[in-house]
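These notes are about the structure you will find just below.
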Amino acid sequence: MACSYLFGAFLLLGDAFAFQQLPLFDPSPVSHNHVAAKELVDSASLQNRIHADNLFDRAKVLYSIAELGTDEYNHPTRVIGSKGHLATMSYVYSTIAELGDYYVLWNQSFPAVVGNVFESRLVLGNEVPASAIAMSLTPPTKDKEPVLGPLTLVSNVGCSESDYPDLTGKIALISRGECPFGTKSALAGRAGALAAVIYNNEKGALGGTLGTPSPDNIATFSISGSDASSYIKKLKNGQSVDASAYIDAIVETIETTNIIAQTTEGDPNNCVMLGGHSDSVAEGPGINDDGSGSLTLLEVATQLTNYHVNNCVRFAWWAGEEEGLLGSDYYVSVLSPEENLKIRLFMDYDMLASPNFAYQVYNATNTLNPVGSEELRDLYTDFYTSHGLNFTYIPFDGRSDYDAFIRHGIPGGGIATGAEGVKTKAEQQMFGGTAGDWYDPCYHQLCDSLANLNLTAWELNTKLVAHSVATYAQSLDGFPERTSFEAADVLPSKYHGPKLQL
Ligand code: DTR
Ligand code: ZN
Ligand code: ZN
């Protein structure tokens, strides 16, 4: 099986993805379409078709696909721009195309900013702060050479131009807080600084992204508050601190692609939408993050072909989630108001099989989010409760691809099984596993491979995804009507994707 899928994947590699609309495969009937008389989709019946072994077979294919990234990255990966990601997109595309005319399938290419830090070094006084890291999407220092200058404290939290003295030939030291890291880097650059160091205003190390590049951005490091404190004291006492910063990095724009499949049947003015992300981080193969969600979508899309639907169902495999929700942001940003209003809700499925899992439901409420988000949240919690299972609420804070939807008036929500958070004792009682360990100890690492999947959680959650699709594909009666496509909340949030931005 792995070989034939891989062969299909290679067929579509390369120039095929240069086209806006790939030609559909020959829609010759496949077994799913032989069903003589299809019935209207029904949750229990669709759920009965979900089996862990089918999901795991798909995971094995995906791991072989990730191995294609080894040429360039020395280990399996499906990061955007890699062969592993191109082959992932081909696998998704060809799997849906083979289902014949049940779906209309298209792809949407968009520019994606990617960065890579090859080398970095920060010296403050005579010390190398242990917590210093170059921020994601940082530009290099001038000519990719070390720069030297006095460390200079920026006033307040460095969110307005007036906080910045003339920093020509200097290295700026700025507190975290109130505005995005990218804003601070650009303001420091505009004030003439050679490099910037942002220190944490909370406990612990700081890592984050500068986000969308500005031409004013300068080489930027982050350090912990405790590493910064002695320097802040010295500077406040009028003492000087020499600093040197060096970053060799690139920031470039590549093209990558979202894949979208919509049922040909069902009311096209009332669409139920769901998505997972097709990309991984560069560090590993991303079999749980978000291989699990992407493959769940493929399996549910495959099994759905056995049924009629009343409402249209639209599946999305987003690219560039790990670089800052690029694909879902782009998709929503180019929707016309009419198209936006056709999407009745968006369901995010990112990380469904964490090995030390908790059943997590995004705490999306109608007070803070588009109306309908809470009805969706309750569908998930009712499901767990009716199966005698525990669940926890997790913040709906912009860390995954639902963000653009709720910011544009579309009700949203989703489920997950946990990333780098630590399982509590109470959660160990509720879900088993190991208190004190991360939900996914291999989050964003090389070991996010086949052994990093909990098949019990994955199967159960895929049944829940099937339940969500079947319920709303059958009927949206009573589900709140769409009223607005305005941005729900325009304030920058702490997260926009997996990385901190503020
Ligand atoms: N799935 C993660 C992003 C993510 C979403 N929710 C949380 C909660 C805690 C940590 C991370 C996340 C990813 O794509 O990396
Ligand atoms: Zn993810
Ligand atoms: Zn991730």
Side-chain angles (χ1 to χ4, degrees), residues 59 62 66 76-80 82 84-85 88 112 114 136 204 207-209 256 258 274-297 316-329 346-364 377 380 391-406 412-424 427 437-449 452-454 457-458 461 465 493-502:
L62 195 65
T77 178
R78 300 182 301 105
V79 68
I80 57 168
S82 69
H85 187 240
T88 302
V114 290
S136 297
T209 180
T256 188
N258 292 325
L274 60 160
H277 63 91
S278 62
D279 60 316
S280 75
V281 290
E283 287 77 8
I287 299 302
N288 182 36
D289 181 15
D290 183 28
S292 59
S294 292
L295 300 178
T296 283
L297 260 61
W317 289 266
W318 311 117
E321 190 267 0
E322 298 290 7
E323 318 301 325
L325 314 182
L326 303 182
S328 51
D329 274 359
F346 174 73
M347 306 182 287
D348 189 60
Y349 296 124
D350 184 2
M351 303 183 73
L352 302 185
S354 305
N356 192 28
F357 71 92
Y359 290 124
Q360 302 180 333
V361 178
Y362 287 119
N363 195 4
R377 182 194 74 176
Y380 297 131
F391 64 88
T392 57
Y393 284 128
I394 53 164
F396 201 43
D397 57 4
R399 281 188 157 197
S400 194
D401 290 304
Y402 53 80
D403 193 57
F405 289 86
I406 58 169
I415 55 168
T417 47
E420 92 277 40
V422 174
K423 184 173 258 185
T424 62
E427 287 174 334
D437 283 1
W438 283 5
Y439 303 108
D440 180 351
C442 288
Y443 178 61
H444 284 183
Q445 296 161 59
L446 185 54
C447 57
D448 186 6
S449 62
N452 197 42
L453 294 166
N454 183 298
W458 196 9
N461 276 336
V465 174
S493 52
K494 199 164 166 185
Y495 288 96
H496 186 68
K499 291 177 186 146
L500 270 178
Q501 62 164 4
L502 190 154

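Start at 1 and go down the list; that is how both ligands and their atoms are numbered.
Q445 places a side-chain N or O within donor-acceptor distance of the main-chain N or O of Y443, the cut-off being under 3.5 Å. Counting only distance, with no hydrogens or angles, the side chain of N258 and the backbone of A319 share a donor-acceptor pair below 3.5 Å.
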ask   = Are D440 and N288 close enough, and set up right, to give a side-chain hydrogen bond (donor to acceptor under 3.5 Å, both in side chains), and what steps lead you there?
value = CA-CA 8 Å; D440 180 351; N288 182 36; 3.0 Å; yes
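The two atoms that bring D448 and G286 nearest to each other are OD2-CA, 3.3 Å, heavy atoms only. Between P285 and R78, the shortest heavy-atom contact is O-NE, 2.8 Å. Among all heavy-atom pairs drawn from A416 and I394, the shortest one is CB-CD1, 4.3 Å.
The aromatic rings of Y402 and F396 sit parallel, their planes meeting at an angle under 30°, below the 60° perpendicular limit.
Near-neighbour remark for the Zn ion (ligand 2): protein N, O or S atoms under 2.8 Å are H277 NE2, D289 OD1, D350 OD1, D350 OD2; waters not counted.
For ligand 1, the protein residues placed under 4.0 Å by at least one non-hydrogen atom are H277, D289, E321, E322, D350, M351, Y362, R399, A419, E420, Y443, H444, P498.
Partner of H277 under the side-chain hydrogen bond (donor to acceptor under 3.5 Å, both in side chains) criterion, out of T88, D289, D401: D289 alone.
Using modelled atom types and a 3.5 Å distance limit, the side chains of E420 and H444 yield no donor-acceptor pair.
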